[in-house]
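The figures that follow rest on heavy atoms only: side chains count, while hydrogens, waters and symmetry mates do not. Remember, predicted model here, so these are calculated numbers, not experimental data. Chain A is the first sequence line, chain B the second, and so forth, proteins listed ahead of strands; every chain is numbered from 1.
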Amino acid sequence: MNFNQGIGSELMDLNHLDEVEAAILFRIDGDVVDSSFKEEYSHNLLRTIQWCKANVDKVSLEMKSNNLNKVTYELSEFCVIFYVVNSILILTTIASKNANLSLLSIESKRKALLISNYL
Amino acid sequence: MQIATRTTSHRSINITTKHIIKDVIGDINGTPDFLLIAYTPNYREKRQYEQAISKICEESGTQNVIGGTFPAVATSDDIPTTQGCSAMAFKSSELNIHSSVSYSNIRINPEKGVDKLIQLFKDDQNRFKTGFFLTPGPFFPPDAFKDMKILDSIFAHKFRGMFNMIGKLINRNMGKNGYGVTSFAYKMLMKLLKNNVENTLGGATIDLDMLSCYQFQGENVFQNAMVGTVFSSDTLNFEHNWTFDKSQKTKSFELSKGLKSSSYIHEINERPAHEEFLELLGMSKELYEEAFKNMAYASLLYLSTLKSKDQGNLPFVSVCHPTLKGIISTIPEEILDESEKIAEFFTQSGLGVQKSAYECANTAAQKIDHPVFGLFINCSNRLLIAGDKIEEENKMVKEAIGTDVPFMTLYSGGEFSIIKNKPIYSSVSVHGLVAGYNNSPQKNVVL
C-alpha cells in the first residue's frame, strides 16, 4: 500500500497536525470509509467518535437541507469539524478543545477537496 | 522570464520537499536564479528544515535561496495550506536578483544587519530596484508575561516620566527574549530610508503556537536572523502597496500614558489601560482570557490604529495579559512620539479582509501595464479571521493582478515596507509588491 498518496494518506496528513486526534471519512449513513488516529487515544476520544458515528446522518441531513459546507461542534473535551466531501461523504476532524479552529478548518477544507479529487 | 510556483501539502517534510523539487525546480529550464521557499512550522525541528533546504539547494543548483516558516503559505495556482510548503522560482535575463544576504542577530543589532541589504542596493546600477527581506517574528514563551510583571510595578508607573528607565528595561528584556518585532523592524526601516532606499517589502516569520520560527538563506536555517535580497531591472518596474480592513470603524480613544521606549501603554482614556481596553472590546476579563489565550493575547477581531504624521493611520496589535495592568502594543517608539496619541478602533471581518487584499493588489497592479509576478506579506491574524475562506482572498488577489500572473502569499507576524520613500510599519495588514512591464516609460515618472 502506498501511504504517500490516496485518501488514507490525506487523512494521515490531517491526523499528523499537533491538535488533531482523529480524522475519519464517514459515509452519510454513518459507515466509516477510512480513518486515521493518533497512536495513543483515550476512552473519551472513542466516545466522541461513537457520537460522530451516531450523528453523522443527522448532521449531513442538516448540512444538505441548509446548504452548509462545514459544521463545527465544540464538545466538552474535543472540537469536531464536519466538512462535506461530496453528496455521500463527510470528512470529520476531531481535535483537542484548545485547537485553533481557523487554522484547522483551512486544512480540513483542503483535505476535503483533495479527497473529492480521488473519488 | 520563467517563474514557477507551487504549494504542496504533506505530513512529511521529505515528501513535501520532493514535490517542490519536482514541480517547481523541474518547471524551470535549467538552474533557477533565485528561489523563495516558505514552509509551515508544523515540522518543528530545525534539523528537518536544514535537510529540506539543503536538498532543494542541491537539486536546484543554486544557493540563492531565501525563505522561512509561516503558519500558512499560498501561491496563485494552489489552495493555501497550513501543513506544507510554497515555493517560487525565478529565471530571467531581465530581472537581476542579488545573491541573498543574512545576519543572524537581527533582534539585538538591527542596524548592523540592515547594512548588508543597503550594500546590495548600493552595488546595483539598474533603474528600478526593490528589497525583499524576512525577519524573526513575535515569540511569547508561556511564562513571558510573568517575567514582565515585576517591571509593571508601582515604581514603573510612578517614575515613568522621570527617566523612562523601566520602559528601556522592558524593551531590552523583550528584545533579549525575542518577544517583539517592533523594536528592531522599525529601526531597520529607518536605516534603509536614511540610505536612500525607495522601496522594499519585509515580513516576519511566525509560529502561531509560539514554539519555533525559522529563516532560510542558502543552506542555512536561522532562528533570529534577517534574510534578504534586492530585485532590480532596467525594464521591469516594481510597485508596492499596503492596506488593512478599515471598513468598520467604531470609536476613538486616547493613549493617555505609556512608556514610549517599549510601547507599553499604562493608561487609555486616563484609566488603567488593561481595564479600559477590555471595555473598548466590550468583553469581560474572563471571556478575553478564554477567547485569546491560545493566540498570544492578540486582539484578533479588533484592531486599533494610531495616526502618524507621515504614514497616516497605522494598525497595531494590543496584547492584554491578566498579570499586567497596562497593555503591550506594537507601536514603534518614533510613531508614538510624533502622533497625537489618538487611536481609532476597528472591528475586522472576513469580507473586509478579502476586500482589503483586493485593494492592496489592485492599486499596485493598476500602475503596471503587464504584471509578471506578485509577492504578498499578509498578517497571520487576518488568516485566522479568514479561516477556510482564505482561498477567496487569494482569488481576489488573482483577479486584481491577472489570472495568469504567479504570486506567493506569506502569512506573517509583522509587515513592513518602504513605499516611495515612506516607511510603513504595521500589524494586521497586507503589504504587496507587483512587478511588471509598462508600455510607456512616462508611467514611471512621479511629478
Side-chain angles (χ1 to χ4, degrees), chain A residues 2-23 35-39 63 68-72 74 76 78-85 91-93 95-118, chain B residues 7-19 22 40-44 70-74 78-84 86 206-212 289-296 298 300-301 348 350 353 380-394 409 411:
Chain A
N2 185 356
F3 285 100
N4 291 332
Q5 55 184 10
I7 293 172
S9 176
E10 302 302 343
L11 295 178
M12 278 168 79
D13 276 357
L14 202 52
N15 187 42
H16 205 74
L17 292 170
D18 290 345
E19 297 153 332
V20 176
E21 300 291 334
S35 64
S36 178
F37 297 82
K38 285 269 193 294
E39 271 180 27
M63 290 170 94
L68 307 173
N69 282 322
K70 178 184 76 173
V71 167
T72 306
E74 291 195 39
S76 58
F78 298 101
C79 297
V80 181
I81 301 177
F82 291 99
Y83 230 108
V84 170
V85 174
L91 174 65
T92 308
T93 309
S96 65
K97 64 175 178 184
N98 292 326
N100 187 324
L101 290 177
S102 289
L103 285 186
L104 198 54
S105 61
I106 295 173
E107 216 46 46
S108 295
K109 184 178 188 176
R110 184 183 168 87
K111 291 303 174 198
L113 284 167
L114 291 172
I115 289 169
S116 71
N117 290 339
Y118 285 114
Chain B
T7 297
T8 67
S9 171
H10 199 274
R11 62 191 173 279
S12 152
I13 194 169
N14 297 335
I15 304 286
T16 305
T17 307
K18 262 186 203 166
H19 288 158
K22 183 171 153 272
T40 54
N42 52 290
Y43 304 112
R44 293 284 169 238
F70 300 89
V73 289
D78 289 292
I79 313 162
T81 184
T82 62
Q83 185 191 37
S86 283
I206 185 175
D207 171 14
L208 290 173
D209 291 332
M210 299 295 158
L211 293 172
S212 52
E289 269 277 273
E290 182 59 33
F292 299 118
K293 68 182 172 191
N294 294 325
M295 294 169 196
L300 179 64
L301 290 171
Q348 296 197 92
V353 162
S380 49
N381 261 2
R382 292 164 52 93
L383 167 80
L384 295 176
I385 292 163
D388 58 352
K389 302 288 178 294
I390 196 72
E391 207 186 321
E392 299 303 316
E393 197 178 322
N394 257 20
T409 303
Y411 294 90

(Q) Determine whether A:H16 and B:S12 satisfy the following criterion, side-chain contact (heavy atoms from CB on, under 4.5 Å), listing intermediate values before the conclusion. (A) CA-CA 9 Å; A:H16 205 74; B:S12 152; over 6 Å; no

Q: Using salt bridge (Lys or Arg N to Asp or Glu O under 4.0 Å) as the criterion, list what pairs up with B:E392, not counting sequence neighbours.
A: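 Testing B:E392 for salt bridge (Lys or Arg N to Asp or Glu O under 4.0 Å), a comparison that skips the adjacent residues, returns B:K395.
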
Q | side-chain contact (heavy atoms from CB on, under 4.5 Å) partners for B:T40, two or more places apart | A |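 Scan of B:T40 (side-chain contact (heavy atoms from CB on, under 4.5 Å), adjacent residues dropped) gives B:N42, B:Y43, B:V73.
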
(Q) Give me the atom names and distance for the closest heavy-atom approach of A:I106 to B:G387. (A)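 Reported closest heavy-atom pair: CG1-O, 3.1 Å.
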
Q) What closest approach, in Å, do A:S102 and B:L384 show between heavy atoms, and which atom pair accounts for it? A)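 Heavy-atom minimum between the residues: OG-O, 2.6 Å.
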
Quick one: [atom1] on [X] to [atom2] on [Y], what's the gap to the nearest 0.5 Å?
X: B:D388; Y: A:S105; atom1: CG; atom2: OG; result: 4.0 Å
X: B:R11; Y: A:E10; atom1: CZ; atom2: CD; result: 8.5 Å
X: A:N98; Y: B:D209; atom1: CG; atom2: CG; result: 11.0 Å
X: A:L103; Y: B:Y411; atom1: CG; atom2: OH; result: 11.0 Å
X: B:Q83; Y: A:R110; atom1: CD; atom2: CZ; result: 9.0 Å
X: B:I79; Y: A:E107; atom1: CD1; atom2: CD; result: 9.5 Å

Q. With a 4.5 angstrom heavy-atom cut-off, which part of A:L104 approaches chain B: side chain, backbone, both or neither?
A.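 No part of it gets close to chain B.
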
Q. Has A:K70 got more than 12 heavy atoms of other residues, nucleotides or ligands less than 6.0 Å from its NZ?
A.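 Yes - once you tally the heavy atoms of other residues, nucleotides and ligands closer than 6.0 Å, there are more than 12.
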
